[in-house]
A.B. asks: 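My structure is below; once you've seen it, I'll send some questions.
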Amino acid sequence: MKEKHIAKKGEIVKVSGPLVVAKEMSGSKMYDVVRVGNPGLIGEIIEMKGELAAIQVYEDTAGIGPKEPVVPTYKPLSVELGPGLIEAIFDGIQRPLSVIAKETGAFIERGINVASLNREKKWDFNPLKKQGDKVEEGDVLGTVRETPLLIHKIMVPFGVSGTIANIEKGTFTIEQPIAVIKNDKGEKIEIKMYHTWPVRKPRPYKQKLAPNEVLSTGQRVIDTFFPIAKGGTACVPGPFGSGKTVIQHQLAKWADAEVIVYIGCGERGNEMTDVLIEFPELKDPRTGKPLMQRTTLIANTSNMPVAAREASVYTGITIGEYFRDMGYSVAVMADSTSRWAEAMREISGRMEEMPGEEGYPAYLSTRIAEFYERAGKVICLGSEKRKGTLSVIGAVSPPGGDLSDPVVQATLRVVKVFWSLEDKLAFKRHFPAISWLNSYSLYKESLEKSIAKAISHQYVEDSKFAMRLLQEEAELEEIVRLVGIDALSPNERLIMEGARSIREDFLHQNAFHEIDTFTSLEKQSIMLSIVLHYYKRAVEALKKGVELNKLIDMPIREKIARLKFIEEDKDLSSIHSVKKEIDAAFDSLEQEEK
Ligand code: ADP
């Protein structure tokens with residue numbers, strides 16, 4: 001079968017940047033990988049017209065010209081899935097950057113052939129099944145401790161089932177068989193610790209479930225007001241400098257996910273270099289070990305053409321699905337999907353397709369929707385009915401922060417959470433600059449039950465109460481803007497004060513402060529209840545005749561402002577005691593009044 005194809009090379013007829021057109025390509029299919037030109041650049045067929053193939057090339061095509069050969073592989077663009085994914089830094093087509101750097105210096109030589117996963121490294125395989133066991137696709141045959149933070153489960157590949165004829169404990173490379181499965185037809189299938197999967201094809205699962213557990217992030221504005229579910233989708237659009245990258249890093253560090261896949265599609269080379277330098281230095285806050293021990297990083301390097309961003313998005317989500325299939329909670333972060341969309345626009349333009357809005361191809365929204373639809377909470381393949389979740393968080397960087405941008409709009413049509421970063425807030429140094437008025441989470445209601453159960457019903461109520469106060473503040477601000485603060489009644493002034501405290505004492509969170517950087521849901525609930533307790537007591541005191549200024553100037557408010565800096569593992573009780581101090585302060589104020 002392989003032999004038959006080998007002689008059938010195509011020939012380049014045209015090169016236009018990353019787009020190459022080749023003739024005599026019959027036999028190849030859409031999305032097949034081909035090697036282009038004399039250096040054998042890696043490309044993917046994105047259109048077939050008769051025997052003409054349009055090829056998106058993932059390496060620089062400079063110097064490539066007509067008449068050079070195009071060699072088909074007859075295989076779709078695929079990733080290798082197995083031990084070695086974690087801690088790796090890959091480029092968009094899963095070439096390991098560290099290995100490449102060693103072999104060719106800092107620059108990636110074009111057309112280089114390197115295996116995605118290390119072929120020499122040996123892993124300790126611990127079987128969980130034994131000879132004679134019946135297994136089906138997705139069943140876990142055994143495990144490998146890939147890093148101190150991650151156990152890699154070796155699963156029966158898709159399409160394979162039968163009885164285990166042999167399985168071995170021991171130390172193996174990923175090329176050595178660890179088990180043999182005899183299928184119904186009596187055929188013996190050797191199982192290795194890795195397999196390949198076409199990136200554009202979502203990995204199968206048994207059943208999709210409604211996401212109903214919160215993916216806590218430790219970021220107060222997110223968890224309390226706009227939570228994302230495990231298996232959910234979120235979009236963070238925002239102008240340059242509004243904090244998209246900081247948010248993504250915070251989520252990578254603090255989100256309650258076991259595996260992180262970070263896809264960096266930076267525009268300029270140095271943005272990517274930042275990620276490559278910063279990420280390996282991040283610490284997993286729960287264990288103090290390097291975060292990379294549960295992370296796969298995909299980075300488009302500056303010397304790869306924009307087209308590679310397209311591949312990186314699919315490579316990343318496929319790796320995410322693979323860990324989901326093991327039953328893990330996985331978070332995939334893509335920063336920024338605008339760069340991916342721009343790559344689509346460039347290729348589409350060169351193919352002279354009919355442009356849609358802002359020159360983006362008409363299929364932009366379909367592609368974006370297909371990407372986010374790969375998120376979800378699922379029952380994985382296999383007889384154990386494991387549940388796995390894949391959450392997807394995409395940053396979008398529209399020009400000038402304009403939310404009517406087609407990429408933002410297409411994304412908002414599919415994702416369920418919208419964290420709206422605003423430069424106005426960033427300018428005022430209110431971080432995270434997530435607007436509490438424009439953001440939303442369509443999971444909020446469905447998560448209430450589990451949040452109430454895990455934390456308290458009061459927390460759910462407090463969150464609603466606080467949001468109403470913030471909305472009232474926005475309306476009052478309008479009045480103040482028109483006729484001045486004196487137009488407000490004392491009650492309205494208190495609403496402004498209460499809302500200010502929610503904003504400054506609760507929502508404002510410094511990502512770079514050792515303690516403030518993360519707040520557990522429990523601490524969030526206590527902090528919010530204290531902030532609201534002050535407001536509610538102040539409303540009461542006002543009714544009892546206490547002067548507004550005295551309420552605004554209460555020294556206890558200083559303590560409320562410092563709640564965020566109280567270390568939680570040691571001292572949650574000291575946070576609780578602030579409530580008592582508030583009561584005492586109000587009691588004495590009211591006493592004076594009598
Ligand atoms: P973007 O990726 O949108 O261009 P960044 O994420 O690089 O923006 O953020 C720009 C700057 O804003 C950061 O360097 C930092 O100083 C500040 N910043 C953003 N978010 C926070 C935060 N949560 N806490 C403190 N500072 C922040």
Side-chain angles (χ1 to χ4, degrees), residues 216-228 234-255 260 262-279 281-283 285 291 297-300 302 309 331 333-342 393-403 405 407-408 411 417-436 438-439 502-520 523-524 527 561-565:
S216 62
T217 66
Q219 311 305 302
R220 298 188 289 266
V221 59
I222 293 179
D223 294 347
T224 295
F225 286 143
F226 312 109
I228 175 171
C235 157
V236 207
F240 179 75
S242 59
K244 286 183 299 294
T245 310
V246 174
I247 282 278
Q248 295 271 33
H249 283 198
Q250 285 296 87
L251 294 176
K253 269 162 87 177
W254 297 107
I260 304 290
Y262 195 97
I263 309 167
C265 312
E267 182 167 32
R268 294 172 297 276
N270 61 350
E271 276 179 32
M272 220 42 249
T273 319
D274 284 350
V275 172
L276 292 182
I277 293 169
E278 278 168 29
F279 239 89
E281 284 175 3
L282 295 182
K283 287 249 175 329
L291 189 65
L297 203 56
I298 296 169
N300 289 288
S302 52
R309 296 173 194 159
M333 273 153 236
D335 181 18
S336 126
T337 55
S338 294
R339 309 279 163 257
W340 164 39
E342 282 157 18
I393 297 147
V396 193
S397 33
D402 176 11
L403 294 182
D405 164 73
V407 186
V408 174
T411 308
V417 179
F418 169 47
W419 296 316
S420 177
L421 287 172
E422 295 194 352
D423 46 5
K424 260 192 325 212
L425 293 173
F427 186 70
K428 287 192 219 156
R429 311 290 304 161
H430 176 98
F431 290 117
I434 296 179
S435 158
W436 49 91
N438 296 336
S439 304
I502 296 170
R503 282 189 285 109
E504 292 177 2
D505 305 335
F506 184 75
L507 294 182
H508 184 283
Q509 187 169 5
N510 182 353
F512 305 107
H513 185 280
E514 195 190 349
I515 296 169
D516 198 23
T517 184
F518 168 87
T519 313
S520 69
K523 184 177 168 190
Q524 292 186 37
M527 281 176 72
R562 302 198 56 78
L563 288 174
K564 51 175 89 158
F565 304 121

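Numbering of ligands and ligand atoms starts at 1, following listing order. For clarity, every value in this text was computed on a predicted model and none was experimentally measured.
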A.B. asks: Could you see which bit of Q509 sits under 4.0 Å from ligand 1, with heavy atoms only: side chain, backbone, both or neither?
C.D. replies: backbone
A.B. asks: Decide whether an N or O pair under 3.5 Å exists between A511 and ligand 1.
C.D. replies: yes
A.B. asks: Would Q250 and T517 count as having a side-chain donor-acceptor pair, cut-off 3.5 Å?
C.D. replies: yes
A.B. asks: Do F512 and ligand 1 have an N or O pair less than 3.5 Å apart?
C.D. replies: no
A.B. asks: Which ligand 1 atoms, with their elements, are less than 4.0 angstrom from a heavy-atom of N510?
C.D. replies: 24 (N), 25 (C)
A.B. asks: Check the side chains of S216 and D223 for a donor-acceptor pair under 3.5 angstrom, ignoring hydrogens and angles.
C.D. replies: no
A.B. asks: Give a yes or no on whether the backbone of S439 and the side-chain of S420 come within a donor-acceptor separation of less than 3.5 Å.
C.D. replies: no
A.B. asks: Can you tell me if F427 has over 12 outside heavy atoms packed within less than 6.0 Å of its CZ?
C.D. replies: no
A.B. asks: Among the heavy atoms of G241, does any lie under 4.0 Å from an atom of ligand 1?
C.D. replies: yes
A.B. asks: As an exercise, state the distance from CZ of R220 to CZ of F225, rounded to the nearest 0.5 Å.
C.D. replies: 11.5 Å
A.B. asks: Are any of the N/O atoms on G243, whether in the backbone or the side chain, positioned under 3.5 angstrom from an N/O atom of ligand 1?
C.D. replies: yes
A.B. asks: Quick check on contacts: which atoms of ligand 1 are under 4.0 angstrom from a heavy atom of P239?
C.D. replies: 3 (O)
A.B. asks: Which one of I434, L421, V246 has a non-hydrogen atom at the shortest distance from atom 13 (C) of ligand 1?
C.D. replies: V246
A.B. asks: Looking only at protein heavy atoms, which one is nearest to atom 2 (O) of ligand 1, and what is the separation?
C.D. replies: T245 OG1, 2.5 Å
A.B. asks: Using modelled atom types only, decide if a donor and an acceptor are shared between the side chain of H508 and the backbone of R429 within a distance under 3.5 Å.
C.D. replies: yes
